[in-house]
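Inspection log for the structure reproduced underneath, given as structure tokens.
Note that the structure is predicted; figures quoted are calculated from it, not measured.
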Amino acid sequence: MKARESLVRLKEFQVREKQRQLGQLQMMMAEFEGMTKDLENQIVFEEKKSGISDPSHFAYPTFAKAARQRADNLQVSIRELKMQQDAAELALEEVQAEYARAAALEERDTGTRLRA
């Protein structure tokens, strides 16, 4: 019977770990989105200040070019994190199902022991 208790605790730990990982991914995505918005605001400010909004123009502000590249890189990272988030959500669902099965078995065994 101890083995089932250990299995339930292991599955419970795995559920909490997957939830923590999912939370971290969501937090990183939110931070990256905020950074992207800040960069876009800086780009708009630089373009207004210089009066040039065409990135291919020879006098386009260097800072705006660099900020645009950083914002693009952050968008790529956000898309990659979204894929990781989708995978983590699937893994969490699987672990939650395993935990539910293990808890049900443990409950059944406990009920059987109490009746005996």
Side-chain angles (χ1 to χ4, degrees):
M1 299 306 159
K2 288 270 188 194
R4 287 222 203 266
E5 291 173 16
S6 296
L7 179 63
V8 170
R9 278 186 295 211
L10 172 65
K11 295 302 176 184
E12 186 177 3
F13 171 78
Q14 289 175 341
V15 167
R16 285 194 310 265
E17 181 64 19
K18 293 295 179 187
Q19 289 170 335
R20 183 191 63 76
Q21 290 174 355
L22 189 57
Q24 283 183 327
L25 287 170
Q26 291 168 341
M27 187 172 48
M28 285 175 56
M29 288 171 55
E31 287 178 17
F32 285 0
E33 288 168 358
M35 292 166 61
T36 300
K37 285 183 175 115
D38 289 343
L39 287 169
E40 288 170 356
N41 289 336
Q42 292 175 358
I43 292 167
V44 168
F45 176 76
E46 285 293 318
E47 288 176 348
K48 284 182 181 178
K49 188 170 82 172
S50 70
I52 301 169
S53 60
D54 179 15
S56 62
H57 191 276
F58 74 94
Y60 189 74
T62 305
F63 177 79
K65 281 183 187 177
R68 188 175 300 278
Q69 181 62 46
R70 285 195 301 271
D72 291 344
N73 290 343
L74 284 170
Q75 288 298 325
V76 169
S77 296
I78 290 170
R79 283 193 297 274
E80 290 172 357
L81 287 173
K82 177 65 176 145
M83 289 188 295
Q84 290 179 21
Q85 178 186 2
D86 293 343
E89 287 171 348
L90 287 175
L92 175 61
E93 289 174 13
E94 291 172 5
V95 171
Q96 285 174 329
E98 291 172 9
Y99 170 70
R101 282 192 297 272
L105 286 173
E106 174 63 22
E107 187 176 315
R108 185 193 70 190
D109 289 349
T110 302
T112 303
R113 275 187 271 143
L114 291 176
R115 280 186 250 132

Could you state the interatomic distance from [atom1] ([X]) to [atom2] ([Y]), rounded to the nearest 0.5 Å?
X     : Y     : atom1 : atom2 : value
Arg70 : Phe63 : CZ    : CZ    : 5.5 Å
Gln84 : Met28 : CD    : CE    : 7.0 Å
Leu92 : Tyr99 : CG    : OH    : 13.0 Å
Leu81 : Ser77 : CG    : OG    : 6.5 Å
Leu25 : Met83 : CG    : CE    : 12.0 Å
Glu89 : Gln85 : CD    : CD    : 4.5 Å

> Do the side-chain N and O atoms of Gln75 and Arg79 include a donor-acceptor pair separated by under 3.5 angstrom?
Replying inline: no
> So does Lys65 have more than 12 non-hydrogen atoms from other groups sitting under 6.0 Å from NZ?
Replying inline: yes
Taking only Lys NZ, Arg NE, NH1 and NH2, and the carboxylate oxygens of Asp or Glu, determine whether [X] and [Y] approach each other closer than 4.0 Å.
X     : Y     : result
Arg68 : Glu47 : yes
Glu12 : Arg9  : no
Lys37 : Glu40 : no

> Run the side-chain contact (heavy atoms from CB on, under 4.5 Å) check on Thr36 and Glu33 step by step: do they pass?
Replying inline: CA-CA 5 Å; Thr36 300; Glu33 288 168 358; 5.5 Å; no
Are any of the side-chain heavy atoms of [X] and [Y] separated by less than 4.5 Å?
X     : Y     : answer
Val8  : Glu5  : no
Phe45 : Gln42 : no
Leu22 : Gln26 : yes
Gln96 : Gln19 : yes

>> Show the nearest heavy-atom pair for residues Val95 and Lys11, with the distance to one decimal.
In response: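 Closest approach of Val95 to Lys11: CG1-O, 3.9 Å.
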>> In this structure, would Leu39 and Tyr60 fall into the same cluster of hydrophobic residues linked by side-chain contacts under 4.5 Å?
In response: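 Not linked; separate clusters.
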